[in-house]
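Remarks on the structure that follows.
What you see is a predicted model, and the numbers here were worked out from it, not measured in a lab.
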Amino acid sequence: MKKTFSFMLMLVVALSLVLSACGQDKNGGKNEGGTKVESDGSGKDFKIGMVTDVGGVNDKSFNQSAWEALQQLKASTGAETKFLESKGEADMEPNLNNFVREGYSLTWGIGMLFEDAMKKVASENPDAKLGLIDAVVDAPNVVSVTFAEEEGSFLVGVVAGLVTKSNNIGFVGGMEIPVITRFAKGFEAGIKAVNPDAKVTITYSGAFDKPDLGKSIAATMYNGGADIIFHASGGTGNGVFNEAIERKKNGKEVWVIGVDKDQSLEFGDEVTLTSMMKGVEAAVTKVSKDLIDGNWHGGSHEVLGLKDNAVGLPETSTKNVPEDVLKKVEEFKAKIISGEITVPGE
């Protein structure tokens, strides 16, 4: 938990700098419409809503990170917070509009699948303030935050490539969309950088909310000789962990690399080799708190990566990843930040 807190703190600082600069350039530090928002720092008069993608609020990953951020914001500022779950893409626009109609101060869409719905809602409701994670909508009333997932995925690929004993490694993605293919391509590049002989199997489940499907895909990969699987599939990835847990209990040495959060805190160190963390909590916290504090930066977009401490490995990696491997990770991290290595994302 210590590393998770420090990870969020560093990202909050980074976001404070980049979004402040961007917001001043675009809106002169003012709210949309040119009016500075006056605030005493209390959130008691603010309502912040969040719409999940199909993974649901308890996906133990992406949506859950965002909701935990809003729960913490409620505790610290008194702001009213609420979530709505999307059972399918058709629910996304109505759910966003639900918060807008109810006069919420800020409405979040969590995930790339919200791009079209967010664009329409933003256009039809110019006075509404909206936040979007993992996609970009160029509108003066939307703050967009995306991440360089390929950079963090490269680092967990380095771990997998050096730790594998079978030279057979799997990747389970949700839908084959740009944000998920960035995970896959970065992961594969990291593996090949340290272990060109390793076989990498990439499978897209086509869903973020099907743990049974994730379990089945993981079983096929493990049966085929894989000893490490990295998932970027939301709730579907819970099934990957469940399969690994069953095999571990039966004496099989298999691992899972988690995503978005430090998933060892949920699924245990016995099966979690490491995780590729994304600063979703810090991003949602920062933008929401900016609104409460009167520093709304509508129309801004930031891409956050290793240089911003927005992606990376948790401290719990030391439990299962050898020290020499972690040193190699730090070497590659420095090369990516310096520009010596450009990680493929497409």
Side-chain angles (χ1 to χ4, degrees), residues 1-20 22-23 29 31-32 36-53 55-86 95-96 98-100 102-111 114 118 128-134 141-147 260-262 265-266 277-298 300-302 304 308-310:
M1 293 299 292
K2 177 181 177 184
K3 180 65 175 181
T4 301
F5 176 79
S6 61
F7 184 89
M8 284 186 63
L9 182 61
M10 287 187 291
L11 183 53
V12 165
V13 172
L15 277 164
S16 298
L17 295 174
V18 295
L19 287 178
S20 292
C22 183
N31 201 358
E32 173 61 14
K36 174 84 173 173
V37 176
E38 298 298 334
S39 173
D40 60 2
S42 167
K44 59 184 176 60
D45 296 324
F46 290 80
K47 297 195 296 182
I48 301 175
M50 182 195 104
V51 183
T52 76
D53 69 6
V57 75
N58 293 316
D59 63 354
K60 308 193 188 310
S61 183
F62 197 69
N63 293 290
Q64 186 170 326
S65 293
W67 178 236
E68 287 174 356
L70 291 185
Q71 288 177 300
Q72 292 166 5
L73 190 75
K74 178 179 180 179
S76 64
T77 71
E80 180 181 337
T81 59
K82 182 180 178 180
F83 71 85
L84 291 174
E85 292 184 307
S86 301
N95 282 341
L96 292 172
N98 184 287
F99 285 125
V100 171
E102 292 184 10
Y104 269 63
S105 312
L106 174 63
T107 301
W108 283 98
I110 307 300
F114 277 91
M118 183 70 70
K129 296 176 181 64
L130 305 161
L132 180 60
I133 295 289
D134 262 4
N141 55 339
V142 179
V143 171
S144 303
V145 182
T146 59
F147 299 85
D260 297 334
K261 296 166 62 72
D262 178 358
L265 302 178
E266 179 70 32
M277 295 173 63
K278 284 175 61 173
V280 176
E281 285 180 67
V284 169
T285 299
K286 174 64 181 62
V287 175
S288 301
K289 190 66 166 59
D290 272 352
L291 178 67
I292 292 172
D293 291 341
N295 298 315
W296 171 253
H297 303 300
S300 62
H301 167 227
E302 289 301 324
L304 305 174
D308 309 295
N309 291 304

Do [X] and [Y] make a side-chain contact, defined as non-hydrogen atoms from C-beta onward lying under 4.5 Å apart?
X      : Y      : value
Phe46  : Ser288 : no
Ile292 : Leu73  : yes
Ile110 : Thr52  : no
Trp67  : Thr81  : yes
Trp296 : Val143 : yes
Tyr104 : Glu80  : yes
Leu96  : Phe114 : yes
Lys278 : Asp134 : yes

Gap between atom [atom2] of [Y] and atom [atom1] of [X] - 0.5 Å precision:
X      : Y      : atom1 : atom2 : answer
Glu302 : Lys286 : CD    : NZ    : 10.5 Å
Ile133 : Met118 : CD1   : CE    : 9.5 Å
Ile48  : Lys289 : CD1   : NZ    : 10.0 Å
Thr107 : Leu132 : OG1   : CG    : 12.0 Å
Asn95  : Met50  : CG    : CE    : 11.0 Å

Quiz item: If you draw a 6.0 Å radius around NZ in Lys47, do more than 12 non-hydrogen atoms from other residues or ligands fall strictly inside?
Solution: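 Yes, because the 6.0 Å sphere around NZ of Lys47 holds more than 12 heavy atoms from other groups.
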
Exercise. Check the pair Glu85 / Asn63 against side chain to side chain contact (heavy atoms under 4.5 Å, CB included), numbers first and verdict last.
Key: CA-CA 10 Å; Glu85 292 184 307; Asn63 293 290; over 6 Å; no

Self-check item: By ring-ring contact (aromatic ring centres under 6.0 Å, His included) - contacts of Phe62 (at least two apart)
Solution: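 Phe62 satisfies ring-ring contact (aromatic ring centres under 6.0 Å, His included) with no other residue.
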
Quiz item: Under the side chain to side chain contact (heavy atoms under 4.5 Å, CB included) criterion, do Asp53 and Ser86 qualify, and how do the steps go?
Solution: CA-CA 5 Å; Asp53 69 6; Ser86 301; 5.7 Å; no

Quiz item: Residues in side chain to side chain donor-acceptor pair (under 3.5 Å) with Ser65, at least two apart?
Solution: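 By the side chain to side chain donor-acceptor pair (under 3.5 Å) rule, Ser65 matches no residue at all.
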
Quiz item: Is the shortest side-chain N to carboxylate O distance from Glu68 to Lys261 below 4.0 Å?
Solution: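 Yes.
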
Exercise. Please test Leu130 against Val100 for side chain to side chain contact (heavy atoms under 4.5 Å, CB included), starting from the C-alpha separation and ending with a verdict.
Key: CA-CA 9 Å; Leu130 305 161; Val100 171; 4.3 Å; yes

